[in-house]
Amino acid sequence: MLDLKLIRSNPETVKKAMEARGMDPSSVDEVLELDKERRALLAEVEGLKNTRNRVSEEIARLKKEGEDAQDKILEMREVSDTIKEKDEVIRNLEGKINKRLLNIPNIFHESVPVGTCDRDNAEIRRWGEPPSFDFPFKAHWEIGENLDIIDLERAGKVAGARFAFYKGLGARLERALVNFMLDLHTGEHGYTEVFPPFLVCSDSMVGTGQLPKFCEDMFKVEGTDFYLIPTAEVPVTNLYREEIIPEEQLPIKHTAYSACFRAEAGAHGRDTRGLIRQHQFNKVELVKFAHPDNSYEELESLTADAERVLQLLELPYRVVVLCSGDLGFCSAKTYDLEVWMPSSGTYREISSCSNFEDYQARRANIRFKPKKGGKPRFVHTLNGSGVAVGRTVAAILENFQQEDGSVIVPKVLQPYMGGISKIEKKKG
RNA sequence: GGAGAGAUGGCCGAGUAGGCUGAAGGCGGUCGCCUGCUAAGCGACUGUACGGGGAUAAAACCUGUACCGAGGGUUCGAAUCCCUCUCUCUCCGCCA
């Protein structure tokens, strides 16, 4: 969430940012109005509390000296009642302010292009060449089915739509990718691996911004306060919730494998076939806790770390910077990595790398203690997929398919596949 | 699931017949003194949040209020009493 002080001093900036995201900025004025009310009342109540404290001390003194304090006690009884009433009103106002604050998005970075939808995203760079096939190429779900390594039909029976069984070398490929990515990020990019809980409490979901606004996108375990994580970003960012980190530890870099669970409400009819849009998918995530002074450099290197995965896998991709209208609610700036998908003839999102600045840190209360002294400050949080595993499988199947229906395994993956260099149809 | 113990400041740890205790003491940290250097020693300072003042934004500074796991209650007044909840630890049972 944004600093209330920032909204007080620069309401127009906040409103403009909301408008550029295509949102109604009226809650800004509501917040200001409620805040004004609250502060007036607060001054009043604090004055009353001050008298109560003073008189109470006097009562103690009088009693010690054996004098009568009954008058003052009665007087203070009334004061206390008034305090109780006004406190209640203040609590109420604070609740309203907070609710609005949690629903005001982050202010985006000046380098973010203004736009309304994904068509306004700006391409930054491309890597690799999309393959040209001299035979009729297939979509990954067909390839996977033919090779008997992906079973969507039975997954539909066992779980429902948007689930998948991976089988044989398909399951192995998924596992190989997870291990390859984790090894790369821990071994060469300096991230510390964590293996997080896949269920978290609602406080964590508020901390990273999924709640309260996006609860319909999440799976909740009925009768509990548990939510299935939509990404490892949630548990890993919340690792340091309510904590003060020593400055010299920054940046903290974590990588984590997790399954991710998404309700995909409102995505009916989109990407209904294949592995692109699943209720459950695997992802290796990168999370950074950075110093505010250099968080944008950290965003560049985090993006580069994610790109390295695709480069080593030899998958053609491009990097786009999301425009204001397509930017995530909490993000100040986001690069999407889009991998070439022959079946759709376009680049498709496979990673999303964002700098949230202090927006999540303020919600989750993650701070660092400056070395030179002074008050704790909020860290900047960043994260990116490094990368989405299911979509990587889809990309590998499609980009490396051969005319005979087999699929070449990228070189870096072969050690993780027991030396297998090609996935072929089993004979018989 | 059953039984018990506990939750205090960055950390450790006092404080329950309710009243200058935001909180003793220690550690850690910062600054100053001392020392040829290091160590030791001495002195001072050292929580957070939200208001108000500080000529305006920020800071120093001054001031108020709140905070001793969370939320309620009793009381003129609660870290201290009562209720509810959460978490941690120990033992038993059960379980991958």
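In what follows, every chain begins at residue 1, and chains take the letters A, B, ... in the order their sequences are listed.
With respect to the salt-bridge test (charged N to carboxylate O, under 4.0 angstrom), the residues A:K49 and A:D87 qualify. A:R100 and A:E33 are not joined by a salt bridge, as no carboxylate oxygen comes within less than 4.0 angstrom of a charged side-chain nitrogen. Between A:K15 and A:E12, at least one side-chain nitrogen of the basic residue sits less than 4.0 Å from a carboxylate oxygen of the acidic one, meeting the salt-bridge criterion. Ion pairing of A:K84 with A:E88 is absent here, as no side-chain N (NZ or NE/NH1/NH2) approaches a carboxylate O to less than 4.0 Å. One finds a salt bridge joining A:R277 and A:E264 here, because a Lys/Arg side-chain nitrogen approaches an Asp/Glu carboxylate oxygen to under 4.0 Å.
Listed pair A:R39 / B:G52 meets the phosphate criterion, a side-chain N or O lying under 4.0 Å from OP1 or OP2. For the pair A:N50 and B:U65, the criterion of a side-chain N or O lying under 4.0 Å from OP1 or OP2 is met. The phosphate of B:G77 (OP1 or OP2) has a side-chain N or O of A:S80 nearer than 4.0 angstrom. One finds no side-chain N or O of A:R38 lying less than 4.0 angstrom from the OP1 or OP2 phosphate oxygen of B:U65. Proximity of A:K5 to the phosphate of B:A49: no side-chain N or O atom is located under 4.0 Å from OP1 or OP2. Considering only side-chain N and O atoms, A:R8 lies under 4.0 angstrom from the phosphate OP1 or OP2 of B:G51. Taking only side-chain nitrogens and oxygens, A:N53 comes nearer than 4.0 Å to OP1 or OP2 of B:U65. In this model, the phosphate group of B:C76 is approached by a side-chain N or O of A:R77 to a distance below 4.0 Å at OP1 or OP2.
Each of A:A60 and A:K49 lies near RNA chain B, and the nucleotide nearest A:A60 is the one positioned closer to the 5' end. Toward the 5′ end of RNA chain B lies the nearest nucleotide of A:P376, the other residue of the pair A:M76 and A:P376 mapping further downstream.
Look at B:G25: its Watson-Crick or wobble partner, with both distances under 3.5 angstrom, is B:C12. Under the Watson-Crick and G-U wobble criteria, each requiring two contacts below 3.5 Å, nucleotide B:A55 is left unpaired. The partner of B:C37 cannot be assigned: no Watson-Crick or G-U wobble pair with both contacts below 3.5 Å exists in any strand. The pairing partner recorded for B:U48 is B:A66, the criterion being a Watson-Crick or G-U wobble arrangement whose two distances lie under 3.5 angstrom. The partner of B:A60, taking Watson-Crick or G-U wobble pairs whose two distances both stay under 3.5 Å, does not exist in any strand shown. When Watson-Crick and G-U wobble pairs are counted only if both distances are under 3.5 Å, B:G71 pairs with B:C83. Across all strands shown, B:G32 forms a Watson-Crick or G-U wobble pair with B:C42, both key distances being under 3.5 Å. The pairing partner recorded for B:G4 is B:C89, the criterion being a Watson-Crick or G-U wobble arrangement whose two distances lie under 3.5 angstrom.
Remark: the separation of the C1' atoms in B:C20 and B:G26 is 24 Å, to the nearest Å. Distance noted for atom C1' between B:G10 and B:C82: 33 Å (whole Å). Separating the C1' atom of B:U56 from that of B:A49 is a span of 25 Å, rounded to the nearest Å. When the P atom is used for both B:G15 and B:C91, the distance is 27 Å, rounded to whole Å. On the C1' atoms, B:C81 is 28 Å away from B:U90, given to the nearest whole Å. If you take atom C1' in B:G19 and the same atom in B:G28, they sit 33 Å apart, rounded to whole Å. With both ends at atom P, the span from B:G73 to B:A17 equals 25 Å, rounded to whole Å. Taking the C1' atoms as reference points, B:C34 lies 11 Å from B:A40, given to the whole Å.
Taking atom CD of residue A:E75 and atom C1' of nucleotide B:G77, one finds them 14 Å apart after rounding to whole Å. Spacing between atom CD of A:E46 and atom P of B:U65 amounts to 8 Å, rounded to whole angstrom units. In this structure, A:I73 places its CD1 atom 16 Å from P of B:U74, rounding to the nearest Å. In this structure, CG of A:L101 is placed 15 Å from C1' of B:A49, rounded to the nearest angstrom. In this structure, the CD atom of A:E94 is 15 Å from the P atom of B:A49, given to the nearest Å. The distance between atom CG of A:L41 and atom C1' of B:G64, rounded to the nearest whole Å, is 16 Å. What separates CZ of A:R61 from C1' of B:G19 is a distance of 13 Å, to the nearest Å. Distance CG (A:L74) to C1' (B:C76): 9 Å, rounded to an integer number of Å.
Residue A:R54 is classed as having no contact, given no heavy-atom separation below 4.0 Å to the nucleic acid. Using a 4.0 Å heavy-atom criterion, one finds that A:K63 contacts the bases of the nucleic acid, with or without backbone contacts as well. Nucleic acid contact class of A:I59 (heavy atoms, under 4.0 Å, all strands): base.
If you run side-chain hydrogen bond (donor to acceptor under 3.5 Å, both in side chains) between A:D271 and each of A:Q278, A:R348, A:R162, only A:R348 comes through.
Comparing B:A49, B:G19, B:C50 against the side chain of A:R367 picks out B:A49 as the nearest.
Ring planes of A:H189 and A:H185: tilted class, angle from 30 to 60°.
Among all heavy-atom pairs drawn from A:V236 and A:A256, the shortest one is CG2-CB, 3.7 Å.
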